[in-house]
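Inspection log for the structure reproduced underneath, given as structure tokens.
In the text below, chain A, chain B and the rest are named by the order of the sequence lines, each starting its count at 1.
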Amino acid sequence: MSNSDMDNPWLAWAMTQESQMTVSGTLNTGNEYRNIWVYAELQGGFVSSETRQVFNKAREIGDLLGARVQAVLFGGEESLAKDLVAYGADTVLWASHPLLEGAPLELATKALGELVSTYKPEILLFGGTRLAEDLAPQVAARLGTGYIADAIDLELDDAERLLRVTRSTFGGKIQTVAVISERKPQVALVRGGSFREADYDRFRAGEVAKVDVTLSEADVRARILESRPSEGVNLENARIVVCGGKGVGKENWALVEQLAEALGGEVAGTKGAVAAGCVDASRQVGLAGKKVKPDLYVGVGLSGSLDHQGGMAGARTIVAVNTDRESPLMALADYALVGDLKDVLPSWIKSLRERQGKREAAATR
Amino acid sequence: MKIIVLVKQVPDTTDVRLDPVTGILKRDRNKGIANPEDKYAVEMALGIRDKSGGTITVLSMGPETAKDALKEALAMGADEAVLISDPALVGSDVASTAKVLAAAIESIGAPDLILCGRRSVDGSCGAVGPMLAELLKVSLVSAVRKLDLNAGQLLAEQVWDEEVRVVEAATPAVVTVSREAKAPRLANAMGIMKAAKKPMTVRTLADLGLQPSGVGLAGAVTKVTRVATPERKRRVQAWEGANPAACSELNQKLAAKGLLS
């Protein structure tokens with residue numbers, strides 16, 4: 001605690017409240033499955049954004065259910081456990097076993113399985129990170145319970161104490177609601193960006209409970225020898241994607257590339273554009289290609305087939321450039337430039353370059 | 001070297017249509033195809049067999065029509081096919097699918113390697129691989145783009161967000177294959193002809209020693225309670241023709257959202 005914190009009487013009071021809360025007994029030791037667990041993943045030494053998003057919803061469900069929201073933290077510092085309380089955990093189950101540092105998959109699976117069997121949560125939630133996509137189904141299989149991936153919304157059926165999980169499939173065209181009945185815990189993975197991150201409330205009270213797990217070196221099956229940044233294009237994580245379709249054609253493809261450059265984005269193509277030889281197959285967007293989720297997606301000369309939508313419907317802002325006002329992409333788009341791309345694109349590229357030029361001139365002035 | 005590759009039959013999503021009234025997927029008129037990423041897994045298996053020898057068994061669970069997806073894999077070069085097909089399997093969730101596939105793999109006999117695509121284009125949970133590894137108590141390496149095997153160990157390049165990880169793991173292992181792996185070959189006429197003569201076995205639940213009550217709709221712990229087509233949330237703001245004022249207005253809208261640098 002810094003000196004300025006010590007001078008703050010409110011914080012000093014909160015600290016005494018917190019220490020009074022630090023008593024055992026919030027862990028479930030009964031036979032019935034109770035409480036909502038959130039697997040807390042660390043990224044770059046902090047609680048991951050996806051975990052914080054899940055806390056927001058878990059808190060709401062916990063309050064409706066009259067259940068405690070409990071975080072499971074593997075490794076890290078005690079200050080991170082306290083952060084989890086600030087994000088909404090009533091209890092943090094903290095296992096600081098040295099083998100759990102960095103949460104290797106098979107060890108995290110074993111440890112989480114053991115903790116669930118001991119403390120019986122009724123709901124176990126994961127934020128949609130790369131690790132959790134492997135970990136969550138493994139834990140569910142280990143416990144012999146059901147698993148629902150890619151949740152975009154969670155609702156509570158409080159009469160039945162069941163979680164109603166909305167999934168989005170076929171690029172958002174179809175939503176299914178599923179429940180895990182007759183088995184506990186109900187395990188779900190929440191897609192990133194589905195909820196707002198929970199607020200950090202430093203005055204929230206909660207308990208950090210150190211828990212033990214049994215792990216040995218012999219449990220390690222896979223080792224990471226090396227980790228390096230991926231070479232080449234990473235469409236899936238690109239912030240801006242400009243995608244051309246069959247309607248662009250080879251003769252006009254340079255316009256798509258120029259637009260991508262003017263916007264500072266990556267070039268991509270539909271299945272049709274790849275087949276026409278406009279762009280490499282590694283840049284194909286669609287159910288049968290890469291799934292992108294950029295902040296800005298621009299679709300040029302493409303109608304937006306279901307296959308294509310499956311690869312890009314997760315984009316935050318969508319701009320369509322097309323002659324056909326009634327194309328399916330227009331129905332998804334926030335903005336549209338309606339017209340022949342041979343006229344519209346040069347005009348837009350020029351306008352973007354002029355804007356950029358003005359900003360640079362202003363910056364050097 | 002014994003390799004098992006899981007191949008799922010999925011609707012051809014480049015030809016998927018939605019019922020305009022109900023919004024539900026029309027599956028009947030959609031011809032089934034082998035899940036694209038599973039074909040990447042077949043290609044990876046063929047590469048390993050070329051180097052180290054051995055046999056490739058392709059395994060699927062589904063209706064009789066799923067034989068078509070298996071034939072595709074046989075035509076690419078796999079040695080034999082096994083289809084688990086049983087009316088009681090209809091409505092299986094991901095957990096019971098993994099359970100049936102694990103039993104099928106055990107009945108085929110101890111493989112060195114189990115390969116499958118990372119995700120299917122229809123359900124897209126990406127959960128079968130991880131669940132299978134857990135049920136079989138073997139290593140899991142997901143989203144692999146390059147794989148080498150050597151004396152009971154595998155060395156894999158794994159796609160991990162914006163990183164590539166080099167992972168060493170003990171075999172047997174479940175490896176799920178990324179689209180960044182070598183692209184699958186097209187089956188040629190010779191391959192298709194040969195495929196017709198390769199062994200294709202169909203097994204039922206009873207053959208695997210499984211009870212119908214534990215699988216399919218009866219055994220599914222995950223139940224879909226509602227299917228809906230979401231309302232269109234966006235309302236498009238459109239400008240006609242190539243006019244500079246429109247472009248400038250669009251730029252301002254995008255800049256306000258922090259999308260232009």
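For a residue to count as touching a neighbouring chain, one of its non-hydrogen atoms must lie under 4.5 Å from one of that chain's; by this rule B:Glu37 does not touch chain A. Both the backbone and the side chain of A:Gln138 come within contact range of chain B, judged by heavy atoms closer than 4.5 Å. Heavy-atom distances place both the backbone and the side chain of B:Leu259 under 4.5 Å from chain A. Using a 4.5 Å cut-off between heavy atoms, B:Asn243 touches chain A through its backbone atoms (N, CA, C, O) alone. Proximity to chain A (any heavy atom under 4.5 Å) is restricted, for B:Leu155, to the side chain, taken from C-beta onward. Contacts between A:Arg228 and chain B at a heavy-atom distance below 4.5 Å involve backbone atoms as well as side-chain atoms. Heavy atoms of A:Leu345 lying under 4.5 Å from chain B are absent altogether. Using a 4.5 Å cut-off between heavy atoms, A:Val165 makes no contact with chain B at all. Both the backbone and the side chain of A:Leu352 come within contact range of chain B, with heavy atoms under 4.5 Å apart. With a 4.5 Å cut-off on non-hydrogen atoms, A:Ser181 touches chain B through its backbone and its side chain both. Contact annotation for A:Arg183: only side-chain heavy atoms (C-beta onward) come within less than 4.5 Å of a heavy atom of chain B. Of the atoms belonging to A:Gln186, not a single heavy atom falls under 4.5 Å from chain B. Both the backbone and the side chain of A:Leu337 have a heavy atom closer than 4.5 Å to some heavy atom of chain B. Only the side chain of B:Val94 has a heavy atom closer than 4.5 Å to any heavy atom of chain A. For a residue to count as touching a neighbouring chain, one of its non-hydrogen atoms must lie under 4.5 Å from one of that chain's; by this rule A:Thr129 does not touch chain B. Contact of A:Ile240 with chain B is made through the side chain alone, with heavy-atom distances under 4.5 Å. The contact between B:Ala143 and chain A is made by backbone and side chain atoms together, counting heavy-atom distances below 4.5 Å.
Pairing each heavy atom of B:Val236 with each of A:Tyr335, the nearest pair is CG2-C, 3.9 Å. Annotation for A:Arg355 and B:Leu260: closest pair NH1-CB, 3.7 Å, computed over non-hydrogen atoms. Across all their heavy atoms, B:Glu134 and A:Thr109 have their closest contact at OE1-CG2, 3.5 Å. Across all non-hydrogen atoms, the minimal contact from A:Asp134 to B:Ser142 is OD2-OG, 2.6 Å. Heavy atoms only, all atoms of each residue included: A:Tyr147 and B:Thr222 are closest at N-OG1, 3.8 Å.
By number of non-hydrogen pairs under 4.5 angstrom with chain B, the leading residue of A:Val338, A:Val319, A:Asp343 is A:Val338. In terms of non-hydrogen atom pairs under 4.5 Å with chain B, the most contact-rich of A:Thr166, A:Thr176, A:Leu131, A:Val179 is A:Val179. Note on A:Pro294, A:Ala281, A:Ala141: by heavy-atom pairs under 4.5 Å with chain B, the leading option is A:Ala141. The greatest number of non-hydrogen atom pairs below 4.5 Å with chain B, out of A:Arg325, A:Gln356, A:His308, A:Glu106, is found for A:Arg325. When each of A:Ala262, A:Ala136, A:Pro137, A:Ala222 is checked for heavy-atom pairs under 4.5 Å with chain B, A:Pro137 comes out on top. Put simply, of B:Ala170, B:Ala95, B:Ser139, the one with the most heavy-atom pairs under 4.5 Å next to chain A is B:Ser139. In terms of non-hydrogen atom pairs under 4.5 Å with chain B, the most contact-rich of A:Gly146, A:Gly289, A:Gly265, A:Gly264 is A:Gly289. For the set B:Val138, B:Leu154, B:Asp93, the count of heavy-atom pairs under 4.5 angstrom toward chain A peaks at B:Val138.
Using a 4.0 Å cut-off between charged nitrogen and carboxylate oxygen, B:Arg118 and A:Glu133 count as a salt-bridge pair.
Atom CD1 of residue A:Ile224 and atom CD of residue B:Gln158 lie 7.0 Å apart, to the nearest 0.5 angstrom. Rounding to the nearest 0.5 angstrom, the gap separating the CD atom in A:Glu354 from the OG atom in B:Ser248 is 9.0 Å. To the nearest 0.5 Å, atoms CZ (A:Arg167) and SG (B:Cys125) are separated by 4.0 Å. Summarising the geometry, atom OG1 belonging to A:Thr317 is positioned 3.5 Å from atom NZ belonging to B:Lys257; distances are rounded to the nearest 0.5 Å. Rounding to the nearest 0.5 Å gives a distance of 4.5 Å between CD of A:Glu182 and NZ of B:Lys223. Note that CZ of B:Arg165 is 5.0 Å distant from OG of A:Ser227, once rounded to the nearest 0.5 Å.
Counting non-hydrogen atoms of neighbouring residues, nucleotides and ligands closer than 6.0 angstrom, the CD atom of B:Gln211 reaches no more than 12 such neighbours. Heavy atoms of other residues, nucleotides or ligands lying less than 6.0 angstrom from CD of B:Glu240 number more than 12.
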Could you give me the CA-CA distance, side-chain angles and deciding distance for A:Arg142 and B:Lys137, then say whether side-chain contact (heavy atoms from CB on, under 4.5 Å) is met? CA-CA 9 Å; A:Arg142 191 178 184 91; B:Lys137 299 282 166 223; 3.7 Å; yes
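No side-chain donor-acceptor contact under 3.5 Å links A:Ser351 to the backbone of B:Pro244.
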